[in-house]
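Reading through the structure tokens given below for one structure.
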Amino acid sequence: VQLQASGGGLVQAGGSLRLSCTASGLTFSRYQMGWFRQTPGKEREFVAAISRSGGSTYYVDSVKGRFTISRDNAKNTVYLQMNSLKPEDTAVYYCAADQIASVFQVVVKMGADQYDYWGQGTQVTVSS
């Protein structure tokens, strides 16, 4: 199983980035997908999750209204559209896959140890 994340970079505060994560080696539609982020010395922080069908999403309060998670099951890809970026959004962003029975509703899992597979991470840096 591989999760390949991309799309990170350097952006000014107020700008936007779109992260992508393409999965291989698994049946993508059987997995709820999530995005996490991590800064040096801190634990990996949950950011957003999306149900297997793509119809249900969940966000941590700090990104609500600014970030949008979506998925394309035909392309085995999950996205994170990040708008109105702030310096405190600077982190390495990771995608994660969680095999789960629920198809239409997100099962809220905010612990990194609750996910089965992880991507390699992509750096997002927001300058002030």
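Numbers here simply count residues along the sequence, with the first being 1.
Under a 3.5 Å cut-off, the side chain of Arg30 and the backbone N or O of Leu26 do not form any donor-acceptor pair. Side-chain atoms of Thr90 never come within 3.5 Å of backbone atoms of Thr125 as a donor-acceptor pair (strictly under, hydrogens ignored). Not one N or O on the side chain of Thr27 forms a donor-acceptor pair closer than 3.5 Å with the backbone of Ser29. Remark: side-chain polar atoms of Gln32 are paired, donor with acceptor, to backbone N or O of Val107 under 3.5 angstrom. Arg71 places no side-chain N or O within donor-acceptor distance of the main-chain N or O of Thr77, the cut-off being under 3.5 Å. In terms of modelled atom types and a separation under 3.5 Å, the side chain of Ser128 and the main chain of Pro87 share no donor-acceptor contact. Side-chain N or O atoms of Ser20 include none that pairs as donor or acceptor with a backbone N or O of Ser6 at under 3.5 Å.
Under the 4.5 Å side-chain criterion, counting only non-hydrogen atoms from C-beta, Lys86 is not in contact with Val126. Contact of the Ser51 side chain with the Gln105 side chain is not registered, since no non-hydrogen atoms from C-beta on lie closer than 4.5 Å. Inter-residue side-chain proximity for Asp98 and Lys109 is flagged as met; some heavy-atom pair is nearer than 4.5 Å. Looking only at side-chain heavy atoms (C-beta outward), Trp35 and Phe67 stay at 4.5 Å or farther from each other. Contact annotation: the side chain of Arg52 never approaches that of Ser102 to less than 4.5 Å [non-hydrogen atoms, C-beta and beyond]. Counting heavy atoms from C-beta outward, Met82 and Arg18 have side chains that stay 4.5 Å or more apart. Side-chain contact between Thr22 and Leu3 is absent, with no heavy-atom pair separated by less than 4.5 Å. Val92 is not listed as a side-chain neighbour of Arg44, based on a closest heavy-atom distance of 4.5 Å or more.
Residue Phe104 holds its CZ atom at 11.0 Å from OG of Ser56, rounded to the nearest 0.5 Å. Interatomic distance, CE of Met33 versus CD1 of Ile100, reported as 12.5 Å (0.5 Å rounding). Residue Leu10 holds its CG atom at 8.0 Å from CD of Gln12, rounded to the nearest 0.5 Å. For the atom pair Thr122 OG1 and Gln4 CD, the distance stands at 9.0 Å (nearest 0.5 Å). Taking CD of Gln81 as the start and OG of Ser70 as the end, the distance is 8.0 Å to the nearest 0.5 Å.
Taking the salt bridge (charged side-chain N to carboxylate O under 4.0 Å, His left out) definition, one finds that Asp61 meets it with Lys64, sequence neighbours left out. For Glu45, the salt bridge (charged side-chain N to carboxylate O under 4.0 Å, His left out) partners are Arg37, not counting sequence neighbours.
Screening Asp72, Leu19, Ile69 for a side-chain contact (heavy atoms from CB on, under 4.5 Å) with Tyr79, the sole residue that qualifies is Asp72.
Heavy-atom minimum distance, Leu85 versus Leu17: CD1-N, 3.8 Å. Taking both residues in full, the closest heavy atoms of Leu80 and Ala48 are given as CD1-CB, 4.4 Å, listed atom of the first, atom of the second, then distance. Summarising the geometry of Val124 relative to Gly8, their closest heavy-atom pair is CG2-CA, 4.1 Å, with the distance given to 0.1 Å. Annotation for Asn83 and Ser16: closest pair OD1-OG, 2.9 Å, computed over non-hydrogen atoms. Residues Gly25 and Val1 come closest through the heavy atom pair O-CG2, 3.4 Å.
Around the CD atom of Gln2, the shell of radius 6.0 Å holds no more than 12 heavy atoms that belong to other residues, nucleotides or ligands.
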Given Glu43 and Gln38, is the side chain to side chain contact (heavy atoms under 4.5 Å, CB included) satisfied, shown in steps? CA-CA 6 Å; Glu43 291 188 355; Gln38 190 170 24; 5.6 Å; no
Report the C-alpha separation of Phe46 and Tyr115 in whole Å, then their side-chain angles, then the decisive distance to 0.1 Å, and conclude whether the side chain to side chain contact (heavy atoms under 4.5 Å, CB included) test is met. CA-CA 11 Å; Phe46 171 84; Tyr115 286 74; 3.9 Å; yes
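Ring orientation note: the planes of Tyr117 and Tyr31 are tilted relative to one another, at an angle of 30° to 60°.
With ring centers used as reference points, Phe36 lies 6.0 Å or more from Tyr94.
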